[in-house]
Chemist: 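The following block contains the structure, expressed as C-alpha cells.
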Amino acid sequence: MWFWFAIIALVCWSGSDLFSKIGCADKADKYSHLKMVTAVGVVMGVHALYEIFVSGVPIDIPSLLKYLPVSALYILSMALGYVGLRYIELSVSSPICNSSGAIVAVLCIIMGDKLETPQYIAVALVCLGVIGLGFVEAREDEALRIERQKKSNYKYSKSALAIILPLMYCLLDALGTFADSLVLETLDEDVANVAYELTFLACGVVCFIYTKFIKKQKFLPKKEAPKYAGAIFETAGQFAYIYALADSEHVAMAAPIISAYCVASVVWGRIFLKEKLSIKHYAMILIAVVGIVILGLYDA
C-alpha cells in the first residue's frame, strides 16, 4: 500500500498547488491569501477534531505550546506562498517552494552532519536550479514574456516579489522542518500533527474575523470554492504522506515519489492554467527537480 499512498500524496499536494493558485491568483483581491488560510484552517480543524474524538489522539495546552514555534513557521511560510501565487506562474513557484529540503540539508551540514556524496550533489543542483530560475525571471525580455503569456489564464509582469516570496516560503518551511526534527524527539508525531492543525484553525479564525468583520470583505462561494478544494487536497496529502512513510521498509522509494509532486504541479499548470514557460525556465526547473528527487531518495 505504500506505493499508492505515495502516489495519493503526490497527486493531492500537486492538486493543492493548483487549486491554491486558482484561489489566490486574483490580484484585485488583496486578502485572498488570508481567505486561503481560513479555508485551510477550517479543513485542518475538522480533521484535528476527528483525530481527537474518533482516533483518540491526546492533546493538551503544553503540547500545543511546545509545537507552536514549528506551527508558526509552517503557517507563515504557507501564507507567504499564497501571496506569491499572485505574481508568478505555478510552474515556477512550486519547484522553488519545494526546494526547502536543500536548505534543511545545508542547516544539517552547518550543525556538523555528514552527508553522502549524492546528497551534496543534490543540494548543489537544487541551489543551481533555484538561482537559475531567479536569473531567468529577472533577465527575460518583457516582450517575450508577454508573447508566451498570451494564451495563459493569468498575466504577469516582471516583479522582484515573484521570486522573493517563494524563496521566503522555502526558507521558512526549511526552518520549520529543521525545528520539527528537534521537537519530534520529545513529542509524539500524531500529537504534533493535531497541534499543528489546531493552530492552523486558530489562525484561520483570526483571518476570517479580520477579513469579514474588520475589512468588510465578501466571501463569494464561486471564489472560495477553489480555496477549500486546495485545503482538502493539502490535508489529504498530509494524511497519505504519513501512511506512505509509515512503511519503514519502503521509505527510500516513497520519499522521492512524493518529493516530485512539484513536477505534477508544473504539468497541471501547463494543462489547466495554460502556463507556457521558456526553454530556459524548463531547464532550470529540471535541474532543481533532479536535486529534489535525489534528496527525497536519501530522506530515509
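In what follows, every heavy atom counts, from backbone to side chain, and hydrogens, waters and symmetry copies are set aside.
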Chemist: Taking all atoms of both residues into account, what is the closest heavy-atom pair of C262 and I292, and its distance?
Modeler: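 In terms of heavy atoms, the two residues are closest at SG-CD1, 4.1 Å.
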
Chemist: For the pair S159 (side chain) and L161 (backbone), establish whether a donor and an acceptor sit closer than 3.5 Å, ignoring hydrogens and angles.
Modeler: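 At least one qualifying donor-acceptor pair exists.
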
Chemist: So how far is it from I96 CD1 to I88 CD1, rounded to the nearest 0.5 Å?
Modeler: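 Answer for the CD1-CD1 pair, I96 versus I88, is 5.0 Å.
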
Chemist: With distance as the sole criterion, is a donor-acceptor pair present between the side chains of S63 and D60 under 3.5 Å?
Modeler: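 Judged by distance alone, the side chains do pair up.
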
Chemist: Output, in order, the C-alpha distance, side-chain angles, deciding distance and verdict of side chain to side chain contact (heavy atoms under 4.5 Å, CB included) for M36 and S20.
Modeler: CA-CA 7 Å; M36 188 70 212; S20 297; 3.4 Å; yes

Chemist: Can you tell if the side chain of Y67 reaches within under 4.5 Å of the side chain of N193, non-hydrogen atoms only?
Modeler: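 Side-chain contact under 4.5 Å: no.
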
Chemist: Distance from K216 atom NZ to I214 atom CD1, nearest 0.5 Å?
Modeler: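 Output value for this atom pair is 9.0 Å.
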
Chemist: I'd like to know if E137 pairs up with R145 as an ion pair, taking the criterion as any Lys NZ or Arg NE/NH1/NH2 lying under 4.0 Å from an Asp or Glu carboxylate oxygen.
Modeler: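 R145 and E137: salt-bridged.
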
Chemist: Could you check whether T186 and K66, counting side-chain N and O atoms only, form a donor-acceptor pair closer than 3.5 Å?
Modeler: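 There is such a pair (donor and acceptor under 3.5 Å, judged by atom type) between the side chains of K66 and T186.
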
Chemist: Taking all heavy atoms of Y261 and all of N98, pick out the closest pair and write down the distance.
Modeler: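 Closest approach of Y261 to N98: CE2-OD1, 3.4 Å.
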
Chemist: Take the angle between the ring planes of F219 and F208 and call it parallel below 30°, perpendicular above 60°, tilted in between.
Modeler: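 Answer is tilted, since the angle falls between 30° and 60°.
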
Chemist: Is it the case that the side chain of S14 and the backbone of V11 share a donor-acceptor pair, with hydrogens and angles ignored and the cut-off at 3.5 Å?
Modeler: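 Indeed, once roles are kept as given, a pair shorter than 3.5 Å links the two residues.
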
Chemist: What I'd like to find out is whether the side chain of C127 reaches to under 4.5 Å of the side chain of V123, using heavy atoms alone.
Modeler: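 Counting from C-beta outward, C127 and V123 do come under 4.5 Å.
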
Chemist: Looking at E89, K274, K276, E275, which one forms a side-chain hydrogen bond (donor to acceptor under 3.5 Å, both in side chains) with Q149?
Modeler: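 Going through the options one by one, the only one that passes is E89.
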
Chemist: Taking C-beta and beyond as the side chain, do Y82 and V40 meet within less than 4.5 Å on heavy atoms?
Modeler: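 SC-SC contact between Y82 and V40 confirmed.
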
Chemist: Considering only heavy atoms from C-beta outward, does the side chain of E197 approach that of F200 to under 4.5 Å?
Modeler: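 Of all side-chain heavy-atom pairs linking F200 with E197, none is under 4.5 Å.
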
Chemist: Please round to the nearest 0.5 Å and tell me the distance separating atom CG of L128 and atom CD1 of I121.
Modeler: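 So the CG of L128 and the CD1 of I121 are separated by 13.0 Å.
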
Chemist: Return the minimal non-hydrogen interatomic distance between P69 and L65, and the atom names on each side.
Modeler: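 Shortest heavy-atom separation between P69 and L65 comes out as CD-O, 3.5 Å.
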
Chemist: Indicate, with yes or no, if L68 and M44 share a hydrophobic cluster defined by side-chain heavy-atom contacts under 4.5 Å among Ile, Leu, Val, Met, Phe, Trp and Tyr.
Modeler: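 Same cluster: M44 reaches L68 through Ile, Leu, Val, Met, Phe, Trp or Tyr contacts under 4.5 Å.
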
Chemist: Please work out which of the three classes, parallel, tilted or perpendicular, describes the rings of Y74 and Y196, given edges at 30° and 60°.
Modeler: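 Geometry flag for Y74 against Y196: perpendicular rings.
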
Chemist: Measure from NZ or CZ of K21 to the centre of the six-membered ring of F272 and say whether it is under 6.0 Å with the direction within 45° of the ring axis.
Modeler: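 Judged by the rule, K21 and F272 form no cation-pi pair.
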
Chemist: I want to check something: taking the side chain as every heavy atom from C-beta on, are E140 and H281 in contact at a cut-off of under 4.5 Å?
Modeler: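 Yes, at least one pair of side-chain atoms sits under 4.5 Å.
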
Chemist: Do I285 and L144 sit in one hydrophobic cluster, given that two such residues count as connected whenever their side-chain heavy atoms are within less than 4.5 Å of each other, even indirectly?
Modeler: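 In one cluster with I285: L144, no.
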
Chemist: Working to the nearest 0.5 angstrom, can you tell me the gap between I287 CD1 and Y282 OH?
Modeler: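 The CD1 atom of I287 sits 15.5 Å away from the OH atom of Y282.
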
Chemist: How close do V293 and A260 get, heavy atom to heavy atom, and via which atoms?
Modeler: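 Heavy atoms of V293 and A260 come nearest at CG2-CB, 3.9 Å.
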
Chemist: Backbone N or O of K155 within a donor-acceptor pair of the S152 side chain at under 3.5 Å?
Modeler: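 It does not hold such a pair.
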
Chemist: Hey, mind stepping through S99 and V126 against side chain to side chain contact (heavy atoms under 4.5 Å, CB included) and telling me if it holds?
Modeler: CA-CA 6 Å; S99 299; V126 172; 3.3 Å; yes

Chemist: For D17 versus S94, what's the shortest heavy-atom pair and its separation?
Modeler: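 In terms of heavy atoms, the two residues are closest at OD2-OG, 2.8 Å.
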
Chemist: Could you walk me through whether Y169 and V83 pass side chain to side chain contact (heavy atoms under 4.5 Å, CB included), step by step?
Modeler: CA-CA 10 Å; Y169 171 101; V83 178; over 6 Å; no

Chemist: Compare all side-chain heavy atoms of I164 with those of M168 and state whether any distance is below 4.5 angstrom.
Modeler: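 A side-chain contact under 4.5 Å exists here.
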
Chemist: Do Y156 and L273 share a hydrophobic cluster (ILVMFWY, side-chain heavy atoms under 4.5 Å, transitive)?
Modeler: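 Both belong to a single hydrophobic cluster.
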
Chemist: With the threshold set at 4.0 Å, does a side-chain nitrogen-carboxylate oxygen contact exist between K223 and D29?
Modeler: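 No, no charged N to carboxylate O under 4.0 Å.
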
Chemist: Is a side-chain donor-acceptor pair under 3.5 Å present for E234 with S16?
Modeler: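 A donor-acceptor contact under 3.5 Å links the two side chains.
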
Chemist: Atom OH of residue position Y243 - does it have more than 12 heavy atoms of other residues, nucleotides or ligands inside 6.0 Å?
Modeler: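 At most 12 heavy atoms, drawn from other residues, nucleotides or ligands, come within 6.0 Å of this atom.
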
Chemist: Would you call Y120 and I109 a side-chain contact if the rule is heavy atoms closer than 4.5 Å?
Modeler: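 The answer is yes, as the side chains (C-beta and beyond) meet within the 4.5 Å cut-off.
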
Chemist: Ignoring hydrogens and angles, tell me if any N or O in the side chain of K227 forms a donor-acceptor pair with the backbone of C24 under 3.5 Å.
Modeler: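 Side chain of K227 to backbone of C24: no pair is present.
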
Chemist: Taking atom NZ of K215 and atom CG of L34, what is their separation to the nearest 0.5 Å?
Modeler: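 That separation rounds to 10.5 Å.
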
Chemist: Write down the atom of L187, the atom of A192, and the distance for their closest heavy-atom approach.
Modeler: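 For L187 versus A192, the nearest heavy atoms are CD2-CB, 3.9 Å.
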
Chemist: Assigning hydrophobic clusters by single linkage (Ile, Leu, Val, Met, Phe, Trp, Tyr; side-chain heavy-atom cutoff under 4.5 Å), is L171 placed with M111?
Modeler: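 Shared cluster, yes.
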
Chemist: With rounding to the nearest 0.5 Å, note down the distance linking OG in S77 to CG in L172.
Modeler: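 With rounding to 0.5 Å, OG (S77) is 6.0 Å from CG (L172).
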
Chemist: What residues, two or more places apart in sequence or in another chain, satisfy side chain to side chain contact (heavy atoms under 4.5 Å, CB included) together with E185?
Modeler: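 Only L182 meet the side chain to side chain contact (heavy atoms under 4.5 Å, CB included) criterion with E185.
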
Chemist: Please evaluate residues L73 and T177 with respect to the criterion side chain to side chain contact (heavy atoms under 4.5 Å, CB included), reporting the C-alpha separation (whole Å), side-chain torsions for both, the decisive distance (0.1 Å), and the verdict.
Modeler: CA-CA 9 Å; L73 286 168; T177 302; over 6 Å; no

Chemist: Looking at L277, L167, V92, which hits side chain to side chain contact (heavy atoms under 4.5 Å, CB included) with L133?
Modeler: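 So, applying the side chain to side chain contact (heavy atoms under 4.5 Å, CB included) to L133 and each of L277, L167, V92, only V92 qualifies.
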
Chemist: Do V46 and Y50 belong together in a cluster built from hydrophobic side chains that touch within less than 4.5 Å?
Modeler: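 Cluster IDs for V46 and Y50 differ.
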
Chemist: Do the side chains of C170 and I103 get nearer than 4.5 Å, heavy atoms only?
Modeler: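 Answer yes - side chains close enough.
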
